[in-house]
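Quick note on labels: first sequence line is chain A, next is B, and so on, each numbered from 1.
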Protein chains: 2
Amino acid sequence: MARTEYLSKATHAQTRAHNAALVLRALYDLGPISRADVARLTGLTRTSVGELVADLERDGLAQDVGRGPSTGGKQPTLVALKDDARTVITLDLGERTFTAALANLRGELTTKRTGELEGRDGHQAVQLVHELIDDVRREATSPLLGIGVGTPGVVDADGTIRWAVNLDWQDLPLARILEERHGLPAVVANDSRAAALATYLFGGDERPQNLVVIKVGRGVGAGIILRDQLFGGDGDGAGEIGHVVVDPDGIECHCGRFGCLETVASVPAVVRAAGTASFGELVDRTTAGDDRVLPVVLAAGRAIGAAIAGLTGALDVRHITIVGSATALGDPWFSAIRDEAGRRSLGPLARDTRIIDGGTGEDVTLLGACALLLTRELGLTVHR
Amino acid sequence: MARTEYLSKATHAQTRAHNAALVLRALYDLGPISRADVARLTGLTRTSVGELVADLERDGLAQDVGRGPSTGGKQPTLVALKDDARTVITLDLGERTFTAALANLRGELTTKRTGELEGRDGHQAVQLVHELIDDVRREATSPLLGIGVGTPGVVDADGTIRWAVNLDWQDLPLARILEERHGLPAVVANDSRAAALATYLFGGDERPQNLVVIKVGRGVGAGIILRDQLFGGDGDGAGEIGHVVVDPDGIECHCGRFGCLETVASVPAVVRAAGTASFGELVDRTTAGDDRVLPVVLAAGRAIGAAIAGLTGALDVRHITIVGSATALGDPWFSAIRDEAGRRSLGPLARDTRIIDGGTGEDVTLLGACALLLTRELGLTVHR
DNA sequence: GCGCTTTGTCCGGGGGATTGACAAAGTAGT
DNA sequence: ACTACTTTGTCAATCCCCCGGACAAAGCGC
């Protein structure tokens, strides 16, 4: 029996941290709320909640915001999160452009700066990251919580970029580099996984325990949240569905094999197969119902639908959200996805599965990077 | 924000239970071991370990078994689990035969009884379960821990059988019924999931954090362990890969759709496609290299390999074990599975993925039912 | 005005992990 | 054989922090 990390003790400090994160989450999710309500929701005593809220108020993370209506007794004092109590530096390392921004605790972006990558080598690209961080950092008006980075490619759990798509980065320990250079906690993760966490944390009232977010753009990737946690798998490669072979007789992929999902369903692949000059033109002609491009778009949708059917069949995850530039293809594409996913999976399962349009989401990677950091530093999502 | 179960507090009692389970797991996995070693492994203090071990010894679950070699100081007293300190009643509700047995804490089966189902209706089948339990219970020589049941079909988390394959059981709350009738804790779960937990708990020195066990017999199903826990999904249907459509133009499945994995890869399907009189004959002719049946066997293997590629691509789980009667098909079949799984997934991923022959495993469901109960009652696997 | 509820806080109690000390029982060196 | 040093297991004291009860403040309904 070699592995023993699963033998990790529980301490009083952990109990405290858990309950502190619990109260913070309650404030975060349930808006202005009384201490008594938090106590009822969490099962903690009013005493403990009062103490934990006092801690949060001392840290400036929460504040009393007046009284609520009485329900037959003393009217409660409502406590709310101070959304701007902390600032997060977020980065989206796109394939051609790097973007940095500031975000508050709600993922509201304020200062956005971009830098073009054109022609820079790996070292210079890292320099660009540093410059962007220094640049937006000057605009911060509340204490910095840390740096969150989303990037294409494979990133392992400690924030080392295994390989980047079109940079000569290999085994670059970016999280550690950023922590040392800027003196702040840093998180680096794959962009699809960031997108999943953004959808989970900022996605509205529903917060499904299990959620798969599929990002379809230049590549095809997924972020998988299981039991309220991002799932990484044995090699932090979970969600790399773009290179599952869907058609062994298909065309060659840049990964060297034939018929990967990306060769059928990624934006460049669909544009090439449809023979249009640009993706914009493809969207226009798809919307117009052009018969010369529709079959290609539908085939791409069906390929994604089949992949979803495989996922839902195996995992029984009922919440699927699709984001990325490809969502501009609209109804025909989504219908193809839903039809194929439904046709290929068990009836009751297909009936309850929701495949949602998450939009093109230019900011989804920035938001995801922010969500990653909030999760890590404040425990805003479950992590134990 | 409707769902609030994720806001569950941590208490001192939970901390204690967690650490108690921790010590038990250490004894279970690491054999006779000193209190000091357990303290080092878990991070607990020697004081706490001593106290927790004393609790276990008082309950009869552990005992001192002499002294170990000195490493420069006082020689340690070794503590070991008493394998026979408790008895578990396990059941395998097969499609034609029900089997009951007693198991100790190591999953060693002692008293085995079977009952044929032939012609009984749903109510009589439940009676048979009761009789079998009463029957083996008389042979128990140590305190009973509870009842574990493995069954085909869909079972939800509270032990209610949603639908059974060839019994007229629908929404039968079997776990509750057994608890009331026999006055013991009861766990009911799908047989593939039971098999997964058996492989995880009793599978030897390796205990992978993530593990997929695929059971190929009369049906095709999977049990999925992620982060040391069985994963159920949103509707406790995770692992139902038998009805993912792999060939939309394939033959009709009993579920009503066409080309499900089961129509290609289950034992009855392969026997039918090969045209042999029995599965035994198919195995013999496959082993002999008969060209008339090999293509069918290889096609079945490739279908499973493709399904595995989809799973590993999505989840990056590197440990796959295949169990069930179909494993008797041996090397040709396994080679087809491994080749296809490798061909359809990313290079580095495929290289590290191990697809292991878990054997035909007549007892795997019984062992799994035992493992389920040990997990639930003693916390022998991670559950928080 | 009076009784009842609800809220938030204060205080004592207790569970349980931690720390430090110490005796027991080894090994290694001289 | 004697001394110095280690390691182990346990005991007592301490500390962290959750809990339960009590109580004042402040509302509601009659």
Is there any protein nitrogen or oxygen under 3.5 Å from a nitrogen or oxygen in nucleotides 12-16 of chain C, and what are the pairs?
none

Presence of salt bridge, [Y] and [X], under 4.0 angstrom:
X        : Y        : result
A/Arg25  : A/Asp228 : no
B/Asp316 : B/Arg318 : yes
B/Asp64  : B/Arg35  : yes

Worksheet item: What distance separates A/Leu174 CG from A/Asp158 CG, expressed to the nearest 0.5 Å?
Response: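 That separation rounds to 11.0 Å.
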Worksheet, complete the sentence: Contact check, residues 69-77 of chain A vs DNA chain D, heavy-atom distance under 4.0 Å, returns A/Ser70, A/Gly72, A/Gly73, A/Lys74, A/Gln75
Worksheet item: Using a distance-only test with no angle check, is there a side-chain donor-acceptor pair under 3.5 angstrom linking A/Thr15 and B/Thr15?
Response: yes
Worksheet item: Between the side chains of B/Asp234 and A/Asn210, does any donor sit under 3.5 Å from an acceptor?
Response: yes
Worksheet entry | Donor-acceptor pair under 3.5 Å, A/Thr47 side chain vs D/dC18 base |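 No such pair is found, so the answer is no.
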Practice prompt. Please say which of A/Leu105, A/Leu380, A/Val53 ends up in a side chain to side chain contact (heavy atoms under 4.5 Å, CB included) with A/Leu24.
Written response: A/Leu380
Give a yes/no answer on whether the side chain of [X] brings an N or O atom under 4.0 Å of OP1 or OP2 in [N].
X       : N      : answer
A/Arg35 : C/dT9  : yes
A/Arg46 : D/dC18 : no
B/Arg67 : D/dT8  : no

Practice prompt. May I have the distance from A/Ile33 (atom CD1) to C/dG8 (atom C1'), rounded to whole angstrom?
Written response: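 Whole-Å distance recorded here is 15 Å.
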Worksheet item: Taking CG from B/Leu52 and P from C/dA17, how many angstroms apart are they, rounded to a whole number?
Response: 6 Å
Worksheet item: Are any of the side-chain heavy atoms of B/Val188 and B/Leu91 separated by less than 4.5 Å?
Response: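 Sidechains of B/Leu91 and B/Val188: no contact.
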